[in-house]
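Numbered from 1 within each chain, the chains take letters A, B, ... in sequence-line order. Note that this is a predicted model, so its numbers are computed, not measured.
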Amino acid sequence: MSEETKSLNFIEHIIEEDIQNGFSPENIRFRFPPEPNGYLHIGHAKSICLNFGLGLNYNAPVNLRFDDTNPAKEEQEYVDSIKEDIKWLGFEWDKECYSSDYFQQLYDWAVLLIKNGKAYVDSQSSEEMAEQKGTPTTVGTNSPYRDRSVEENLDLFERMKNGEFEAGTHVLRAKIDMSSPNMLMRDPLMYRILFKEHHRTGNDWCLYPMYDWTHGESDYVEAISHSICTLEFLPHRELYEWFLDNIYEAPKVKPKQREFARLNLNYTVMSKRKLAQLVDNNVVSGWDDPRMPTISGLRRKGYTPAAIRKFADTVGVAKRDNIIDVALLEFCIREDLNKKAPRVMAVLNPVKLIITNYPEGQEEWLDAENNPEDEHAGSRKVPFSRELYIEREDFKEEANRKFFRLKLGGEVRLKNAYIIKAEDVVKDENGEILEIHCTYDPLSKSGSGTEESMRKVKGTLHWVSTKHALEAEVRLYDRLFLDEAPDSHKDKSFMEFINPDSLKVITGYVEPSLKGVKELDHFQFQRLGYFNIDKDSTKEKLVFNKTVGLRDTWAKVKNK
RNA sequence: UGGCCUAUGGUGUAAUUGGCAACACAGCUGGUUUUGGUCCAGUCGUUCUAGGUUCGAGUCCUAGUAGGCCAACCA
């Protein structure tokens with residue numbers, strides 16, 4: 001079987017066209033260029049999957065390049081987390097690069113531009129320059145310093161580099177066109193003076209290049225053929241090309257910038273600034289809080305690399321703004337975990353169930369299938385006894401026939417065990433049920449092959465033996481925001497839509513086979529959802545995170 | 001008041017480049033099931049508007065409408 005012919009996205013169409021037009025496939029090269037000023041989120045995952053996926057498809061190298069031109073915001077912590085996240089997603093970069101590695105080259109090229117009359121030192125305040133910049137609908141005016149001599153510019157620029165001037169006193173600007181309809185072409189800044197220690201170059205420089213001047217030239221240095229970024233950089237393309245044209249030397253690869261629509265997810269926010277705000281205001285416990293749309297948050301919540309890659313693949317790549325339904329992300333993780341996660345029994349909201357005709361003190365270890373979706377997963381033993389926990393929601397004193405669970409006088413199968421019949425309840429003075437008393441049919445044991453064991457009863461419940469169960473902390477997550485588009489309201493901050501119940505911490509009871517499981521191990525708590533082990537887990541105390549619930553048809557029926 | 005980008009079911013993304021609008025998710029119906037999960041079958045629903053070119057337009061042209069981006073010494 002040949003693999004399904006997958007349709008190409010518009011970036012791939014462009015690459016195919018370039019190859020058609022004679023661009024040599026071995027010169028194809030990509031890069032993923034994060035700024036190390038925050039943790040990567042699911043939107044970056046889309047970009048990572050795009051760039052590294054392209055690299056795989058075209059057998060082309062993909063560089064990881066840290067776009068570190070602003071020492072005020074960038075930190076090593078972020079570099080480390082970014083590398084970890086990309087590796088975890090399953091991708092390998094060719095070279096690990098830093099824009100700061102090119103500071104000298106960039107400086108030399110800037111001198112070249114000055115010599116060619118393409119750049120000049122401006123000595124006005126930022127306010128004055130902003131004033132002269134004009135607006136999208138009105139043209140700008142030239143700086144009084146625009147026509148400084150090459151010699152003066154060269155001298156000033158060198159002294160800027162040497163630290164002779166205070167921050168803010170001078171900048172280097174490209175000399176382009178103050179009346180361009182594209183604001184970015186109105187003599188954009190190339191350099192500013194910043195007396196800040198850089199996470200890599202230390203105090204070597206007090207002159208730092210701006211994004212536009214840095215990015216395209218870095219692509220050029222690395223011979224990136226296709227420089228893929230998000231839509232908001234589209235107007236930068238003209239400048240990207242202008243800068244390149246001023247330093248380009250003939251046989252080399254001239255990088256091409258192309259733009260795609262960034263990922264948006266409903267019920268969350270997706271900008272590093274806003275995510276940082278959630279962290280700084282302690283709305284969440286950190287960048288890797290499972291409620292965050294960060295890669296580290298999703299990982300901690302129990303998402304798998306395969307699920308995220310599948311998601312990125314499914315949402316596609318195009319040029320129109322989009323808002324993806326989180327239901328799609330949830331579908332992707334369920335699909336993956338359904339195949340991989342071992343099934344176990346856990347009771348999260350327990351009520352005691354006593355089997356009155358089961359001998360006191362007796363216990364049995366029953367066979368339980370680990371994963372019906374994976375025949376190689378094998379089975380395990382689970383302990384059964386007279387006293388069990390079941391979910392409070394699985395019992396009602398009376399209910400209609402749509403309720404496939406336990407009710408007084410009704411029968412139900414205990415998963416992997418026996419058919420039971422509810423006989424009586426014991427309540428406290430407030431009417432709260434303390435115990436459910438039932439009887440079991442000793443001949444109905446699962447898998448025993450008896451006629452009784454083959455009987456069809458409508459409901460099957462999960463359970464744990466009170467005596468054998470392990471206590472565990474279980475963290476239940478709900479969406480962080482109550483609004484579908486929390487940051488789309490002009491008059492309200494996204495912070496006003498935070499879901500106060502996004503985290504519930506409860507104590508649950510899990511079957512004893514879970515003793516000794518490792519961080520990040522995934523499980524399906526049968527009939528409840530997927531859970532994984534949090535890093536806060538210890539030998540003494542298990543801590544689970546809820547990854548996602550199972551699809552819940554009952555919830556829909558119930559609410560009708 | 002300018003320039004640029006985008007417009008296909010509820011949400012996304014395709015359409016052999018001008019030739020029967022399809023795939024996934026979501027929704028709904030039913031079946032199987034010792035998970036109200038999975039799986040299976042079925043179903044709902046789509047080319048922003050108006051003109052034009054053409055034998056034929058989602059695709060090309062014109063105008064309109066709607067949404068997005070652009071005035072940081074951020075990236």
Side-chain angles (χ1 to χ4, degrees), chain A residues 5-9 13 33-35 37 67-70 72-74 99 122 125-126 129-131 133-140 167-173 180-184 186 189-194 208 210-212 214-215 229 231-238 259 261 266 272-273 313-325 327-332 334-335 338-339 343 345 369 371-373 402-405 412-417 419 446-447 453-462 524-530 549-558:
Chain A
T5 50
K6 223 190 154 269
S7 56
L8 303 180
N9 63 46
H13 279 295
E35 181 188 12
N37 68 342
D67 219 337
D68 56 350
T69 59
N70 187 352
K73 293 184 176 177
E74 295 146 8
S99 294
D122 201 337
S125 67
S126 58
M129 283 186 276
E131 187 94 1
K133 194 136 199 173
T135 71
T137 55
T138 57
V139 299
T169 51
H170 304 277
V171 294
L172 186 74
R173 289 230 258 174
S180 170
N182 183 349
M183 298 290 292
L184 288 154
R186 324 246 261 227
L189 263 61
M190 293 172 68
Y191 279 95
R192 76 286 212 190
I193 297 169
L194 243 34
Y208 290 95
M210 303 290 290
Y211 166 83
D212 287 296
T214 308
H215 202 91
C229 61
L231 240 33
E232 65 272 24
F233 289 98
L234 202 151
H236 294 249
R237 186 149 116 195
E238 191 180 358
E259 311 81 12
N266 59 8
K272 275 194 264 186
R273 207 198 92 244
D313 190 53
T314 306
V315 299
V317 178
K319 289 171 80 165
R320 55 177 143 156
D321 294 325
N322 60 79
I323 301 172
I324 309 290
D325 193 335
L328 182 61
L329 221 206
E330 294 179 346
F331 165 79
C332 291
R334 284 194 194 103
E335 184 188 46
N338 177 50
K339 289 176 299 192
R343 273 58 172 170
M345 292 196 283
E369 201 181 5
N371 186 348
E373 302 300 314
K402 287 204 163 179
F403 186 75
F404 304 160
R405 304 178 180 191
V412 89
R413 152 93 45 199
L414 291 177
K415 178 87 183 166
N416 305 314
I419 294 173
S446 288
S453 72
M454 316 282 251
R455 270 178 60 213
K456 301 286 178 202
V457 286
K458 192 57 193 172
T460 301
L461 306 187
H462 63 276
Q524 184 196 92
F525 288 180
Q526 281 187 118
R527 302 210 304 136
L528 296 175
Y530 296 97
L550 259 24
R551 217 171 125 245
D552 192 354
T553 316
W554 167 238
K556 287 175 196 159
V557 174
K558 197 169 52 176

* From B:rG68, B:rC73, B:rA75, pick the nucleotide closest to the side chain of A:Asp321? -> B:rG68
* **Integer-rounded Å distance: B:rA26 C1' and A:Leu328 CG** => 9 Å
* Base, sugar-phosphate, or nothing for A:Leu231, non-hydrogen atoms under 4.0 angstrom? -> nothing
* NA contact type, A:Thr135, heavy-atom cut-off 4.0 Å: base, sugar-phosphate, or nothing? -> base
* Asked: Looking at B:rG12, B:rA75, B:rU35, which one has an atom nearest to any side-chain atom of A:Val315?
  -> B:rG12
* Structure fact -> Separation between NZ (A:Lys415) and CD (A:Glu369), nearest 0.5 Å, reads 7.0 Å
* Asked: Can you tell me if the side-chain N/O atoms of A:Ser7 get under 4.0 Å from OP1 or OP2 in B:rU16?
  -> no
* Structure fact -> Quick note, A:Gln526 side chain, CB onward, closest among B:rU35, B:rA75, B:rC69 is B:rU35
* Picking from B:rU33, B:rA26, B:rA75, which would you name as closest to the side chain of A:Lys458? -> B:rU33
* What nucleotide among B:rG2, B:rG68, B:rA26 has an atom nearest to a side-chain atom of A:Pro136? -> B:rG2
* Asked: Can you name the nearest heavy-atom pair linking A:Arg343 to A:Pro372, along with the distance?
  -> NE-CD, 3.8 Å
* 5'-most by nearest nucleotide on RNA chain B - A:Leu234 or A:Asn371 -> A:Leu234
* Taking N and O atoms by type only, does the side chain of A:Arg527 place a donor or acceptor under 3.5 Å from a partner on the base of B:rU35? -> no
* Side-chain donor/acceptor of A:Arg413 to backbone N/O of A:Val457, under 3.5 Å -> no
* What does A:Arg405 touch in the nucleic acid at a heavy-atom separation under 4.0 angstrom: a base, only the sugar-phosphate, or nothing? -> base
* Classify the side chain of A:Glu373 versus the base of B:rG37 as yes if they form a donor-acceptor pair under 3.5 Å and no if they do not. => yes
* To do: Enter syn or anti for the glycosidic conformation of B:rU17, syn applying to angles within 90° of 0.
  => syn
* Just say parallel, tilted or perpendicular for the rings of A:Tyr211 and A:Phe233, cut-offs at 30° and 60°. => tilted
* Distance-only donor-acceptor test (3.5 Å): side chain A:Arg551, base B:rG36 -> no
* Asked: Which one is paired to B:rC69, where only Watson-Crick or G-U wobble pairs with both distances under 3.5 angstrom count?
  -> B:rG3
* Asked: Is the distance from OP1 or OP2 of B:rG27 to the nearest side-chain N or O of A:Lys556 less than 4.0 Å?
  -> yes
* Which one, B:rG36, B:rU35, B:rG12, comes nearest to the side chain of A:Phe404? -> B:rG36
* Under 4.0 angstrom, heavy atoms only, what part of the nucleic acid is A:Met129 near: base, sugar-phosphate, or nothing? -> base
* Asked: Does the B:rU34 base have a donor-acceptor partner in the side chain of A:Glu369 within less than 3.5 Å?
  -> no
* **Pairing partner (Watson-Crick or G-U wobble, both distances under 3.5 angstrom) of B:rU62** => B:rA50
* To do: Ignoring the backbone of A:Asn322, work out which of B:rG27, B:rA14, B:rG12 is nearest its side chain.
  => B:rG12
* Structure fact -> Among B:rA71, B:rU35, B:rA75, the one nearest any side-chain atom of A:Met183 is B:rA71
* Structure fact -> For B:rG36, the nucleotide meeting Watson-Crick or G-U wobble distances (both under 3.5 Å) is none
* Using side-chain contact (heavy atoms from CB on, under 4.5 Å) as the criterion, point out the one residue from A:Asn70, A:Asp68, A:Thr69 that pairs with A:Glu35. => A:Asn70
* With sugar-phosphate meaning primed atoms plus P, OP1 and OP2, does A:Ile323 contact a base, only sugar-phosphate, or nothing at under 4.0 Å between heavy atoms? -> sugar-phosphate
* Structure fact -> Which of B:rG36, B:rA24, B:rA75 is nearest the side chain of A:Thr314? It is B:rA24
* Quick one: look up who B:rC20 pairs with, Watson-Crick or G-U, both distances under 3.5 Å, and put none if it's unpaired. => none
* A:Val457 or A:His215, whichever maps to the more 5' nucleotide of RNA chain B -> A:Val457
* To do: May I ask you to evaluate whether A:His236 reaches the phosphate of B:rC74, defined as a side-chain N or O under 4.0 Å from OP1 or OP2?
  => no
* If pairing requires Watson-Crick or G-U wobble contacts with both distances under 3.5 Å, which nucleotide is the partner of B:rG42? -> B:rC28
* Structure fact -> Testing B:rC74, B:rU34, B:rA71 for proximity to the side chain of A:Glu35, the answer is B:rC74
